[in-house]
Amino acid sequence: MNSIIVGMGEALWDVLPEGKKIGGAPANFAYHVSQFGFDSRVVSAVGNDALGDEILEVFKEKQLKHQLQVVNYPTGTVQVTLDSAGIPLYEIKEGVAWDNIPFTDDLKRLALSTRAFCFGSLAQRNEVSRTSINRFLDTMPDGDGQLKIFDINLRQGFYTKEIIRESCQRCNVLKINDEELVAISRMFGYPGIDLQDKCWILLAKYNLKMLILTCGTNGSYVFTPGVVSFQETPRVPVADTVGAGDSFTAAFCASLLKGKSVPEAHKLAVEVSAYVCTQSGAMPELPQVLKDRLS
């Protein structure tokens with residue numbers, strides 16, 4: 001059984017009002033998956049610079065396994081400001097290391113041993129990384145237990161209709177939030193005003209195993225052919241929401257791979273995400289009581 005879980009894409013520093021914190025959805029995802037006892041990897045690229053060295057140090061401290069290529073571009077940074085509701089606003093620097101992830105023989109070997117793979121649209125803004133992500137997906141074995149999770153993660157203007165379509169065709173699990181769903185529906189001209197109708201259209205059009213729709217404080221849904229799971233969003237004191245969505249995806253993925261049902265996986269994902277919202281930064285250590293749910 002292929003057993004490795006991989007998050008591939010951006011590795012960067014979120015420069016927050018209180019200082020810089022390690023960021024990027026792939027690292028957040030891989031870190032939280034590892035907290036549930038899985039063998040996870042972050043795949044990305046960093047520059048040959050102090051910020052790149054610091055990323056490697058942080059991953060070492062967090063015992064987060066990685067395949068980070070050192071390339072001749074600066075390590076990525078994102079200027080993050082929080083609005084009055086604690087929602088992050090991002091200014092993402094361009095022409096950086098994670099835009100230029102090469103597809104190496106080591107990556108090919110990793111892909112052949114990968115059971116679940118999470119990727120987004122942001123890391124596909126540059127052709128080099130987009131090609132490597134697609135080659136990884138195409139190299140992964142195709143089995144009933146394989147998860148190819150497209151966590152759309154629309155940022156600024158860093159996406160195109162073609163990238164979204166191709167990613168939906170290559171994934172078998174789509175994760176999207178309500179604002180992204182509206183944007184995608186406009187882009188593709190899907191009829192109907194009901195968000196659930198749009199989800200059913202996407203599920204059928206791309207022959208997905210499941211579609212996860214998160215709606216902030218209004219709860220979240222998981223659509224599978226014929227069945228819908230809904231969970232309320234817990235009311236918690238919010239420190240910030242950075243990385244909360246990635247922790248949701250990680251807990252959901254880990255639960256499915258541990259043999260939990262979709263409603264069970266959904267419930268844990270919501271609880272993990274809510275906890276991360278109460279902490280500052282994207283990679284807090286989870287309480288043992290949450291980790292034990294999958295032990």
Side-chain angles (χ1 to χ4, degrees), residues 1-8 22 24-43 59 61-66 110 113-120 140-141 143-151 153 171-177 208-214 219-224 227-234 236 241-279 281-295:
M1 171 64 75
N2 302 312
S3 59
I4 300 173
I5 301 176
V6 173
M8 181 172 176
I22 199 84
N28 300 340
F29 170 79
Y31 174 69
H32 287 298
V33 162
S34 74
Q35 293 200 76
F36 291 106
F38 284 93
D39 185 2
S40 68
R41 299 283 193 286
V42 188
V43 174
F59 286 178
E61 286 169 17
K62 291 186 175 290
Q63 299 182 314
L64 182 51
K65 296 179 183 176
H66 55 81
L110 179 63
S113 300
T114 296
R115 188 175 175 194
F117 180 71
C118 187
F119 66 106
M140 276 179 68
D144 284 344
Q146 304 294 105
L147 296 177
K148 299 179 179 182
I149 305 165
F150 179 35
D151 190 346
N153 203 20
C171 76
N172 56 22
V173 178
L174 172 62
K175 179 168 175 278
I176 191 167
N177 67 35
L208 302 171
K209 287 184 177 180
M210 55 196 76
L211 184 151
I212 302 163
L213 173 67
T214 60
S220 55
Y221 301 81
V222 181
F223 295 83
T224 64
V227 179
V228 182
S229 170
F230 173 76
Q231 288 282 333
E232 298 275 1
T233 300
V236 295
T241 61
V242 179
D246 304 321
S247 70
F248 181 114
T249 311
F252 187 82
C253 174
S255 299
L256 291 182
L257 295 180
K258 288 280 191 176
K260 301 296 184 184
S261 67
V262 166
E264 287 173 323
H266 190 187
K267 188 172 190 299
L268 181 60
V270 166
E271 291 177 24
V272 167
S273 178
Y275 175 77
V276 171
C277 285
T278 69
Q279 306 298 301
M283 288 193 231
E285 183 167 355
L286 296 176
Q288 196 62 43
V289 66
L290 286 175
K291 297 180 189 179
D292 288 346
R293 295 269 289 279
L294 295 184
S295 60

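Note that the numbering runs from 1 along the sequence shown for the chain. All heavy atoms count here, side chains included; hydrogens, waters and symmetry mates do not. Values in this document were obtained by computation on a predicted structure and should not be read as measured data.
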Under the criterion side chain to side chain contact (heavy atoms under 4.5 Å, CB included), I'd like the reasoning laid out for Ser220 against Thr233: C-alpha separation, chi angles, the key distance, then a yes or no. CA-CA 7 Å; Ser220 55; Thr233 300; 5.6 Å; no
For the [atom1] atom of [X] and the [atom2] atom of [Y], what is their distance to the nearest 0.5 Å?
{"X": "Lys148", "Y": "Lys209", "atom1": "NZ", "atom2": "NZ", "result": "9.5 Å"}
{"X": "Met210", "Y": "Leu174", "atom1": "CE", "atom2": "CG", "result": "11.5 Å"}
{"X": "Lys62", "Y": "Ser34", "atom1": "NZ", "atom2": "OG", "result": "9.5 Å"}
{"X": "Lys291", "Y": "Phe36", "atom1": "NZ", "atom2": "CZ", "result": "8.5 Å"}
{"X": "Ser113", "Y": "Ile5", "atom1": "OG", "atom2": "CD1", "result": "13.0 Å"}
{"X": "Thr114", "Y": "Asp39", "atom1": "OG1", "atom2": "CG", "result": "9.5 Å"}

Close side-chain approach of [X] and [Y], heavy atoms under 4.5 Å:
{"X": "Ser40", "Y": "Leu64", "result": "yes"}
{"X": "Ser255", "Y": "Leu294", "result": "yes"}
{"X": "Tyr275", "Y": "Ser247", "result": "no"}
{"X": "Pro26", "Y": "Val43", "result": "no"}
{"X": "Arg115", "Y": "Leu147", "result": "no"}
{"X": "Ile149", "Y": "Phe252", "result": "no"}
{"X": "His66", "Y": "Arg41", "result": "no"}

Working for side chain to side chain contact (heavy atoms under 4.5 Å, CB included), residues Ile22 and Tyr31: CA-CA 11 Å; Ile22 199 84; Tyr31 174 69; over 6 Å; no
Pair Asn177, Asn153 - check side chain to side chain contact (heavy atoms under 4.5 Å, CB included), show working. CA-CA 8 Å; Asn177 67 35; Asn153 203 20; over 6 Å; no
Smallest separation among heavy atoms of [X] and [Y], with atom names:
{"X": "Asn28", "Y": "Gly243", "answer": "ND2-CA, 3.9 Å"}
{"X": "Cys277", "Y": "Thr241", "answer": "SG-CG2, 4.1 Å"}
{"X": "Leu257", "Y": "Gly145", "answer": "CD2-O, 4.1 Å"}
{"X": "Ser273", "Y": "Ala244", "answer": "OG-O, 3.2 Å"}
{"X": "Ala27", "Y": "Val42", "answer": "CA-CG2, 3.8 Å"}

Report yes or no: does Gln279 contribute a side-chain atom to a donor-acceptor pair with the main-chain N or O of Pro284 at less than 3.5 Å?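 Not a single qualifying donor-acceptor pair exists.
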Backbone of Gln146 reached by a side-chain donor or acceptor of Asn172 within 3.5 Å: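 Yes, Asn172 side chain to Gln146 backbone: donor-acceptor pair under 3.5 Å.
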Between Val276 and His32, does a side chain to side chain contact (heavy atoms under 4.5 Å, CB included) hold up when you go through it step by step? CA-CA 10 Å; Val276 171; His32 287 298; 3.9 Å; yes
Would you say Gln288 has more than 12 foreign heavy atoms packed within less than 6.0 Å of its CD?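 Atom CD in Gln288 is crowded, with more than 12 foreign heavy atoms closer than 6.0 Å.
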Could you note down all residue pairs passing salt bridge (Lys or Arg N to Asp or Glu O under 4.0 Å) where residues 260-271 supplies at least one of them, sequence neighbours left out?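 Non-adjacent pairs meeting salt bridge (Lys or Arg N to Asp or Glu O under 4.0 Å): Lys267-Glu271, Glu271-Arg293.
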Flag this pair as yes if the NZ/CZ of Lys258 is under 6.0 angstrom from the six-membered ring centre of Phe38 and inside a 45 degree cone about the axis; otherwise no.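 Verdict for Phe38: a cation-pi partner in Lys258.
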